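Below: one structure, written as structure tokens.
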Amino acid sequence: MTLITDVRLRRTLDSRGNPTVEADVLTESGGFGRAAAPSGASTGEYEAVERPPSEAIAAAREHAVPRLVGEAYAGNQREVDAVLRGADGTDDFSEIGANSAVAISMAAAKAGADVLGAPLFQHLGGTFRGENFPIPLGNVVGGGEHAADATDIQEFLAAPVGAPSVEDAVFANAAVHETVADLLEERDIPCGKGDEGAWAPSIDDAEAFEIVDEAVSLVAEEVGFDIEFGLDVAAAEMYDAESGTYEYSDGSRDTDEQIEYIADLVDEYDLVYVEDPLDENDYDAFAELTNRVGDETLVCGDDLFVTNTDRLREGIDRGAANSILIKPNQIGTLTDAFDAIELAIENGYDPVVSHRSGETEDTTIAHLAVATDAPFIKTGAVGGERTAKLNELIRIADDAT
Ligand SMILES: C=C(OP(=O)(O)O)C(=O)O
Ligand SMILES: [Mg+2]
């Protein structure tokens with residue numbers, strides 16, 4: 001019944017106004033799934049390859065579609081994803097593009113769920129999925145590669161760790177976002193927004209810490225539960241391999257100084273989450289920082305692990321980080337993302353399912369997070385392509401109770 005009868009691919013717009021790949025998967029018994037690929041700006045060196053959408057679509061039509069139509073079953077996700085890998089024939093999806101691969105993979109999952117008449121999270125997670133909902137990490141101030149002339153640190157993320165429900169958590173993050181705007185206004189700091197909808201003021205990181213710290217405290221007091229915050233440093237973007245230093249607007253830090261700096265920030269602001277605090281090639285420095293602050297905070301590898309089980313295994317062996325960011329398009333298929341989540345959980349690493357800075361209305365990651373019982377999801381705080389996922393989480397929670 002879930003035999004794939006058609007795969008349609010087209011170019012659509014992402015949230016940055018760039019073209020992306022959208023896929024429709026149709027099945028024999030009338031199942032339908034549609035999904036679109038997101039796109040990163042601060043991409044990791046070891047990510048699967050995103051090809052220009054028109055090239056990715058042409059290559060997928062030539063190599064993948066004929067092997068799927070009339071051949072593979074949308075209800076069998078591992079089979080669909082194995083066909084995608086086989087049709088591509090490379091390690092990094094450089095033939096059909098990880099953007100075509102992930103769009104087809106996610107659309108097939110939705111078509112499989114549609115045939116069953118089950119919500120996607122149920123199809124992906126099965127009867128024995130967990131009962132928990134992820135805590136959303138909401139980007140409220142940012143810069144780096146996501147906004148010009150703003151903070152060096154890419155993302156300041158509200159973390160409503162004490163929220164009694166996913167709905168309360170989502171609204172708390174939006175309230176922190178709004179409170180940040182009030183505090184900026186009080187200080188006469190004009191600002192626009194970055195790619196993910198976070199405020200992107202032209203201030204230094206020290207001032208951003210003050211403002212976000214105050215905003216989370218004010219909102220926590222108002223809502224009556226604990227809200228902390230965390231960071232995506234995206235340190236690979238500021239690392240200069242030649243000099244071995246991290247380049248900030250106000251000077252450089254060598255690796256030891258960077259470790260010291262991050263450890264001090266964790267202590268000073270009780271950070272609950274620190275993503276990519278060090279360069280993507282420096283497992284040793286990640287291990288050293290994890291050793292120092294890993295009991296107090298999540299040290300998360302995004303560019304470090306790129307949702308890749310080989311890189312995660314290396315991290316586990318070396319004690320680098322205690323958390324992994326999961327971005328399906330970094331690796332190309334839902335199967336690969338699932339395997340990375342399972343490997344993480346088996347080894348005590350917290351998976352954090354994540355959006356990209358260039359997004360679409362697609363809500364697959366909300367279902368993936370619930371299906372796998374991931375403790376966190378990072379998908380912004382405001383903005384249509386971000387609220388698409390946040391509102392889907394609220395709907396899933398509503399349906400599940
Ligand atoms: C979401 C992120 O940004 P991008 O999609 O640009 O990699 C990130 O770095 O975690
Ligand atoms: Mg990141």
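Being a predicted model, the structure only gives us computed values, none of them experimental. Atoms within each ligand, like the ligands themselves, are counted from 1 in listed order. Side-chain atoms are counted along with the backbone in the values below, which use heavy atoms only and exclude waters and symmetry mates. In this chain, numbering begins with 1 at the start of the sequence shown.
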Non-hydrogen atoms of Ala234 versus ligand 1: any pair closer than 4.0 Å?
no
N or O pair under 3.5 Å between Gly358 and ligand 1
no
Atom name of the N, O or S atom of Glu275 nearest to the Mg ion (ligand 2) is OE2
Assess Asp276: does it contribute an N, O or S atom lying under 2.8 Å from the Mg ion (ligand 2)?
no
Looking at Asp24 and Arg10, is there a salt bridge between them, counting it only when a charged N and a carboxylate O are closer than 4.0 Å?
yes
With a 4.0 Å cut-off on N to O distance, would you call Asp88 and Arg85 a salt bridge?
no
Taking 4.0 angstrom as the limit, do Arg67 and Glu71 come out as a salt bridge?
no
Under-4.0 Å heavy-atom contact with ligand 1, by part of Asp232 that carries it
side chain
shortest atom 4 (P) of ligand 1-to-protein heavy-atom contact is with Ser357 OG, 3.5 Å
Does the shortest distance from the Mg ion (ligand 2) to an N/O/S atom of Glu155 fall below 2.8 Å?
no
Name whichever N, O or S atom of Asp302 ends up nearest to the Mg ion (ligand 2).
OD2
N/O donor-acceptor pair under 3.5 Å between Asp276 side chain and Asp302 backbone
yes
Proximity winner for atom 7 (O) of ligand 1, if only heavy atoms of His355, Arg356, Glu237, Glu359 are counted
Arg356
Think Arg311 forms a cation-pi with Tyr46, using NZ or CZ under 6.0 Å from the six-ring centre and within 45 degrees of its axis?
yes
How about Tyr273 and Phe229: are their ring centroids closer than 6.0 Å?
no
Restricting to N, O or S atoms, which atom of Asp232 is closest to the Mg ion (ligand 2)?
OD2
Using a 4.0 Å cutoff against the non-hydrogen atoms of Asp302, which atoms of ligand 1 qualify?
8 (C), 9 (O), 10 (O)
Metal proximity, Asp303 vs the Mg ion (ligand 2), N/O/S cut-off 2.8 Å:
no
Ion pair present between Glu196 and Lys378, side-chain N to carboxylate O less than 4.0 angstrom?
no
Taking the six-membered ring for Trp and the single ring otherwise, decide whether the centroids of Tyr248 and Tyr261 are under 6.0 Å apart.
yes
Proximal atoms of ligand 1 relative to His146 (non-hydrogen, under 4.0 Å):
2 (C), 3 (O), 4 (P), 6 (O)
Does Leu325 approach ligand 1 within less than 4.0 angstrom via side chain, backbone, both or neither, non-hydrogen atoms only?
side chain
Residue portion contacting ligand 1 (non-hydrogen atoms closer than 4.0 Å) for Gln154:
side chain
Taking atom 8 (C) of ligand 1 as the point of reference, which of Glu196, Gln330, Lys327 owns the nearest heavy atom?
Lys327
I'd like to check whether Ser354 has a polar contact with ligand 1, where a contact means an N/O of the residue lying under 3.5 Å from an N/O of the ligand.
no
Applying side-chain hydrogen bond (donor to acceptor under 3.5 Å, both in side chains) to Ser243 and Thr245, what does each step give before you reach the verdict?
CA-CA 5 Å; Ser243 57; Thr245 51; 2.6 Å; yes
Any salt bridge between Arg16 and Asp195, counting N to O under 4.0 Å?
yes
One pair to check against side-chain hydrogen bond (donor to acceptor under 3.5 Å, both in side chains): Asp14 and Ser39. What are the steps and the verdict?
CA-CA 8 Å; Asp14 77 7; Ser39 174; 4.7 Å; no
Say whether Lys378, considering both its backbone and side-chain N or O atoms, lies within less than 3.5 Å of an N or O atom on ligand 1.
yes
